[in-house]
Every structure is written in structure tokens, then in C-alpha cells.
Number of protein chains: 2
Amino acid sequence: MTTRRPRTAASDTADPPAADGGASTINDIARLAGVSKKTVSRVINRSPLVRPDTREKVEALMEKVGYVPDPMARGLAFRKSFLIGMVSDNPNAQYIVNMQNGALDGLRGSGYELVVHPCDSKSADYIAGVRRFVLQHRLAGVFLVPRVSEDEALVDMLREIGCRYARIAAVSLDEPWRMITTNDRDGAVEVAKYLDSLGHRNIGLITGPTRYLSARERGGGFLEALRARGVELGADHVVEGGYTFESGVACAERLLALTPRPTAIFALNDEMAAGVCKAAFRLGLRIPEDLSVVGFDDSPLASRLWPSLTTVRLPIREMGMLAAQLLQREENRKQTPPLVTPHLVIRESCQPPVAERR
Amino acid sequence: MTTRRPRTAASDTADPPAADGGASTINDIARLAGVSKKTVSRVINRSPLVRPDTREKVEALMEKVGYVPDPMARGLAFRKSFLIGMVSDNPNAQYIVNMQNGALDGLRGSGYELVVHPCDSKSADYIAGVRRFVLQHRLAGVFLVPRVSEDEALVDMLREIGCRYARIAAVSLDEPWRMITTNDRDGAVEVAKYLDSLGHRNIGLITGPTRYLSARERGGGFLEALRARGVELGADHVVEGGYTFESGVACAERLLALTPRPTAIFALNDEMAAGVCKAAFRLGLRIPEDLSVVGFDDSPLASRLWPSLTTVRLPIREMGMLAAQLLQREENRKQTPPLVTPHLVIRESCQPPVAERR
DNA sequence: CTGAAAGCGCTTACAG
DNA sequence: CTGAAAGCGCTTACAG
């Protein structure tokens, strides 16, 4: 059954396949199975052109010997590595780590590894840097997280060099099977409903930089949902922050100087919401008695502030997993990934405005 | 000068090297330079056995054509990839991201890429997982961050399979050229000096899990330095936390119930220090008027709490860079990496105890 | 359904 | 100091 075939020129080792799990090659398997290495290759690559019993025999053998094809050899022959790149430009460490862990979840068992490429999208030549990153190691694909995912110049470059990619963004910006859409807008709508339900009418909004899609979506969704409920914010109640803690402090100081003072402030990320808390405490205001505060992101900060912060959680890890799976899919099996939805996490930082409390 | 040599069997492309920077091969360079591919290979690998003018000619050509050797082909021939792995088991996202960025700094321009491998050191088979990770992609090396860096079973496995490694830990645990030593103890000593200089004598300490080397070093250094200054903490003033926010709250509640109440609490990480703040506010205590608080790590949390937290900063990014550089060094150029030192970041959470204020 | 030949882009002995 | 041959562990045409 497992008669030894005459060795090919390439297989000149007299030893049996190494006991060590990682060291046997396609030649060992072929010899042991009594088939050509090409047939083993077909089994590895799930070609349908293999007789079922041959396939089973080869698979059993690979399992028994603990054989795993060498990704570098396969990569050299395929002209494509077994590496997936994560290209990011995001200062939120928890976001990055969650995304990485999700991607790793999606890659587990596939033989692919995750290689990371943080970059500075404000630098002029960052696109050239990504290009080198992709080309030099012949990456199998990359996924882009906000805000680089919103940069069409970057995506154009990837298309030009024929690199597979997936984009994670607040709304769909590309063909559906290339997108993980995070629907930030829906999260902001939840906040509007919640604050409205508590009875807030005099509300301040701290937006993010308008060049961020997420900021436009969150802010737009919030204002629109309030308007639909008959609540209109005056122009002085909407201030633009920079998604940073310091900008949150500064914007909150402006909002809290208004008369009458807003009873609630929605900051479009937790960093700025923490800044709102700092500004409020400095003024001697209590949260939530004197001011309700809502953030967005559910960063570690949110649960560790005192009082803990009501915020919106995006399933980031799941998004990373979906992005990784999307990149592994066959070119011909293009399908739209499942929807991902944000949800409101209610903690301690909100209550009805005192004047209107029943 | 650049006469075309007869083509070898392997180089059967009639086209000139592709205009695209990534697509030319060692054969193109050899042909253009009028030398054998072996000589080009020697130039790539910085072999001294090349005549200076030959080397210069080849290097100029590589530069001009934008030739970069294919890491997969080199890897296959070397039996070793151009991938460095980061093995970690640390819930602190900022720590992980800083470490990654530092490693990337150290790898930049070297042709190596960083592949990440977070794992769960509490799971029984995590070592087998790391083994597969290293063997399957034939990693050039890995670096271990706390707490996996402290696991001798993991290191034994790496030695057994002949994998290069670097360890990052609070004290030296291995040959000096394999270690980045973080000297956490020194940071804790700084805290002791600072609190003593403010006049605190009744101090509470929230330690970390004793199985963590960092916790033993930080706690030990703190107590020893205080003792050297004539300040002795009673057994009830030292409680063991779990490095988590919740454990910080719980431990602080115990400490703040003591009579007389401690005037300062040192928590061995910022997570727990944030918990101390929460517990204090709940009891109506003001920070720093009624209680001074010090943390460790300088996490993003520290600067965003109100009042902002005095803490200890470790140069994590620099440590990552040093670890990456260490792994690239030639086997024969073993040298001890430079020392890395923590330092105290003084913010708003401490002042002299009120009873003793001048 | 299966296989022998040639090749992916490099390197390691081995000669000179 | 330099090069021709063989090989790293896979795959892609091309035959059968």
C-alpha cells in the first residue's frame, strides 16, 4: 500500500520524515502515499481533480505526520505571501488592539498571519510606504481601518498594484464585498432617542473633525434624529472638537458658558467626553445631577471614570474578524458581509434634567 | 560595460527589468552588472568577498532599478523568514500598541516585518500555540513581553526549537544580550521618595498579583525605600490587588476604612489607581486634599482622570525598539542593550497631608 | 483523475 | 575575489 516509489532527483534524503511536526515536506508525503507530489499539491489546494480515496489517503497521512505546507515555498511559487496586513492610522490603542484580535480570530487556522502597519496619513509619502509594504512582501491582502480607509488616493494605489483590500468605514464607500460598514450613524441616533426620552431639550454637541466620516455620520445622525423629535439645537450649541481630550475640555467650557446652560452634552468620542467631565468638575458641576454626558466608543476610559460614562459601543473585534474573513474569500465568491450595529451602553452619567424631573 | 551575458536557463525573460520598482530579480541585476547572480547575492548579504568596485557597481545598479530581494525566496533558501513575532499576554492596549510601534521603529528599513501573536498564558496549550506560530512561518525571532516573558516553560520551548528570542522583564532573567530590563523597582523607589518628601507617613499600598515579577519589584522597591527612610507600613496597609480597576476599588475601600485613614495610597498600576479615585469619590473624599494617589504606567487614563494622576512612566516604545534591534544583531555580536529607566510623572493627585501642611 | 518537467528567486556548498 | 551547479519546498503549464 505504501510502497516506496523511486526517489525523484529533488528528494535525496534517506531519512524518514522528521519526527518533529514542522519538518516534513511534500516529497515525504508523496513518497509515503505512493503518489506524485503534484497530487499532494492538489489535495493541499483543494482541487476537485483528485479521486476521493486518494484524497482521503493523503489527508490522513498529512494529519498523521503533522505535515503543514511551508508558506514561504508556497508563497514563492504563488508569487503571493500568506500575510495579511492591517493598515491603520488611529491613536486609540484599544481600538487597534481589538481590531487586531478580531482579525486574528478571523485568520486562525487559515495559515495566514497578521502583519501590522501603523502609519501617519498626514505624512506626504505614507501611501508610498504602504505600497512598499504590500509589494515587498507580496501581501495576500490588506485591510484598512478608519481614517486611512477613507482615503481614496490610498485605495487607488492598491487597485493599481492589484492588491486585495477590505475597508472598514462608517458608511459604504466601495463595492459591498470590500466593505465592513460600521453604521456609526445608528449609534448616534440611539443617543438622541435616549436623551430625548430623559427629557433633555437644551443639549450641547461636540463634533469631531469634519474630515472624518465617522464625525459627519455621528453628528448628522444625532441632529437629524433630534430634529425628527422636535428638538432643534442652536448653532452655538454645536462646536467642533478634534477627537482629543484637550479639545473636549475646551469645547465643554464654551458650551457650559451658555445661558441657559445645557442640561446634557453629547461628545462624539469618549476622549472628548472625558474632557467634558473634567471641565464640568472644574466648574463645580456634578454629573449627572447638573449635567448629563454621553460619549462614543466605549473605550476603557468610559467605565473607569467616575461616574462611569454612558456611551456607544461598536463591535470592533467582530469587525476585524469580518474583514479578515472577507480577504480570504475566493475572488469568485464575492458576497456582502453581515451588518454590524453599534449599541448604547447605559452607565451612570445621565439622568433627566433637574428642572424637569418628576 | 553592461554587455549582456548569455542567459542562464533560469533567466528566460526577454524583457528588460520591469519599470515597476518591485519586479526585477537577482538575475536582472546580475545580467545588467555583467556578474554572476552569486556575486549579486554576496553584495546583498554584505559578504566581504567582493571587490570594492564590483560591489559599488552592483549597489548602484540595485539602487537605480529599485531592486529589493524577495524575502520569500531568500527565506526559502535560508530556511528562515523575515518575520519577527511579538508574543504578548497583556490586557493593557496602550502598552501593546506602544511596544509594537517601538518594534516597528527598530525594524524599519531592515526588510523585516512584525507579526503579532497575542495569547492567553492561562490556557494550557498556549505554549504549543507559540511553537506552531514560530515553526510554521520559520520566524527569524520573537520577543516576549510581560507576563509571558517570565514563563520559563515558554523560553525552554523556544530554546529547544532553536528560535532566537528577546525578553522584556522587570529584572534580568536570562543572558544579558537576550534581555531588555525595565527596572520597575527604580520607578517605585521614586514614588517612595516623593511621598516621603511630601511628608506622608501613613501610606497604603495596593500591590499586584505576586506571580507578576513587576508587582514584586514595584512593591518590594517601594517598601524597601520607605523603610530606608524610616517609614514602615503596617501589614494592614498593604493589600493585594489584581491589576484591575475593580480590584483597585475593592482594595481602596479596605484601606480607606482604616483608622487613622491613610493620607496617601500607591497603587502599582494606573488601572487600580483609577479604582482608588472612584472609591475615594464615593466616600466623599477629595483628591489630593483628603487623599494623595499615585499610579504606575502612565496609561492614557492617568492624564484624563480628574484630577490627573501622578504616576510612573516606562519608556515602552523605546523598549520595543531595543528588543527588535537585539533580535537583528548577528549571533556573534552579542552585546548588552542599554539600560532603560522609569521616571516619575508628577501631576495633580498628590499634596502634603493636611495635618502636616506648613 | 494523475504525473514529469520546469520554474518561483534566492542561497549553500564546492570549485577555481 | 568569482562562478556553475544543485537545492530550498512548493506551483504552473503541459501531457497523458
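This is a predicted model, so every value here is computed, not measured. Every chain is numbered from 1, with letters handed out A, B, ... down the list of sequences.
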To the nearest angstrom, how far is [X] atom [atom1] from [N] atom [atom2]?
X      : N      : atom1 : atom2 : result
A/F82  : D/dT11 : CZ    : P     : 8 Å
B/R31  : D/dG3  : CZ    : P     : 15 Å
B/K80  : C/dT11 : NZ    : C1'   : 13 Å
B/L49  : C/dG16 : CG    : P     : 18 Å
A/N27  : C/dA4  : CG    : P     : 12 Å
A/F78  : C/dG9  : CZ    : P     : 15 Å
A/I29  : D/dG9  : CD1   : P     : 13 Å
A/R138 : D/dT11 : CZ    : P     : 16 Å

Pairwise side-chain contact, [X] with [Y], heavy-atom cut-off 4.5 Å (strictly under):
X      : Y      : answer
B/I44  : B/R74  : yes
A/L154 : A/L144 : yes
A/F133 : A/L139 : yes

Respond yes when some side-chain nitrogen or oxygen of [X] is under 4.0 Å from OP1 or OP2 of [N], and no when none is.
X     : N      : answer
A/R74 : D/dT11 : yes
B/T54 : D/dC1  : no
A/T25 : D/dG9  : no
A/R79 : D/dT11 : no

By nearest atom, which of the nucleotides [options] is closest to the [X] side chain?
X     : options               : result
B/R51 : C/dC10, D/dC1, D/dC10 : D/dC1
B/S36 : D/dG3, C/dT11, D/dT2  : D/dG3
B/A77 : D/dG7, D/dT12, C/dT12 : D/dG7
A/L76 : D/dG9, D/dC10, C/dA4  : D/dG9

Exercise. Which comes earlier along DNA chain D counting from the 5' end, the contact point of A/I26 or that of B/D53, where each point is its nearest nucleotide?
Worked result: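 It is B/D53, whose closest nucleotide lies nearer the 5' terminus.
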Problem set entry | DNA chain D: 5'-proximal contact among B/A73 and B/R55 (nearest heavy atom) |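 By nearest-heavy-atom nucleotide position, the 5'-most residue is B/R55.
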For this session: Give DNA chain C the dot-bracket treatment, 5' to 3': Watson-Crick (N1-N3 with N6-O4 or O6-N4) or G-U (N1-O2, O6-N3) under 3.5 Å, [ ] crossing, | other strand.
Result: |||.||||||||.|||
For this session: Take A/Y126 and A/D89 through the test side-chain hydrogen bond (donor to acceptor under 3.5 Å, both in side chains) and record every step on the way to the result.
Result: CA-CA 10 Å; A/Y126 97 96; A/D89 174 29; over 6 Å; no
Problem set entry | Distance-only donor-acceptor check, side chains B/D125 and B/S123, under 3.5 Å |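 Short answer, yes.
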For this session: Decide yes or no on salt bridge (charged side-chain N to carboxylate O under 4.0 Å, His left out) for A/D28 and A/K37, but give the supporting numbers first.
Result: CA-CA 9 Å; A/D28 300 318; A/K37 60 203 274 197; over 6 Å; no
For this session: Could you check which residues of residues 38-46 of chain A get a heavy atom under 4.0 Å from DNA chain C? Sort them by number, please.
Result: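 Those residues whose heavy atoms fall under 4.0 Å from DNA chain C, taken from residues 38-46 of chain A in numerical order, are A/K38, A/T39, A/R42.
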For this session: Begin with the C-alpha distance, continue with both residues' side-chain angles, and end with the deciding distance and a verdict on salt bridge (charged side-chain N to carboxylate O under 4.0 Å, His left out) for A/R167 and A/E152.
Result: CA-CA 11 Å; A/R167 299 168 75 172; A/E152 294 297 336; 2.9 Å; yes
Problem set entry | Set of side-chain contact (heavy atoms from CB on, under 4.5 Å) partners for A/M99, sequence neighbours left out |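 Testing A/M99 for side-chain contact (heavy atoms from CB on, under 4.5 Å), a comparison that skips the adjacent residues, returns A/M86, A/Y95, A/F143, A/V145, A/I168, A/I316, A/M319.
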Exercise. Which pair of heavy atoms, one from B/G111 and one from A/H137, lies closest together, and at what distance?
Worked result: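 Smallest interatomic distance, heavy atoms only, reads O-NE2, 3.2 Å.
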Problem set entry | Check: B/P69 main-chain N/O paired with A/Q136 side-chain donor or acceptor under 3.5 Å |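 Between the backbone of B/P69 and the side chain of A/Q136 there is no qualifying donor-acceptor contact (under 3.5 Å).
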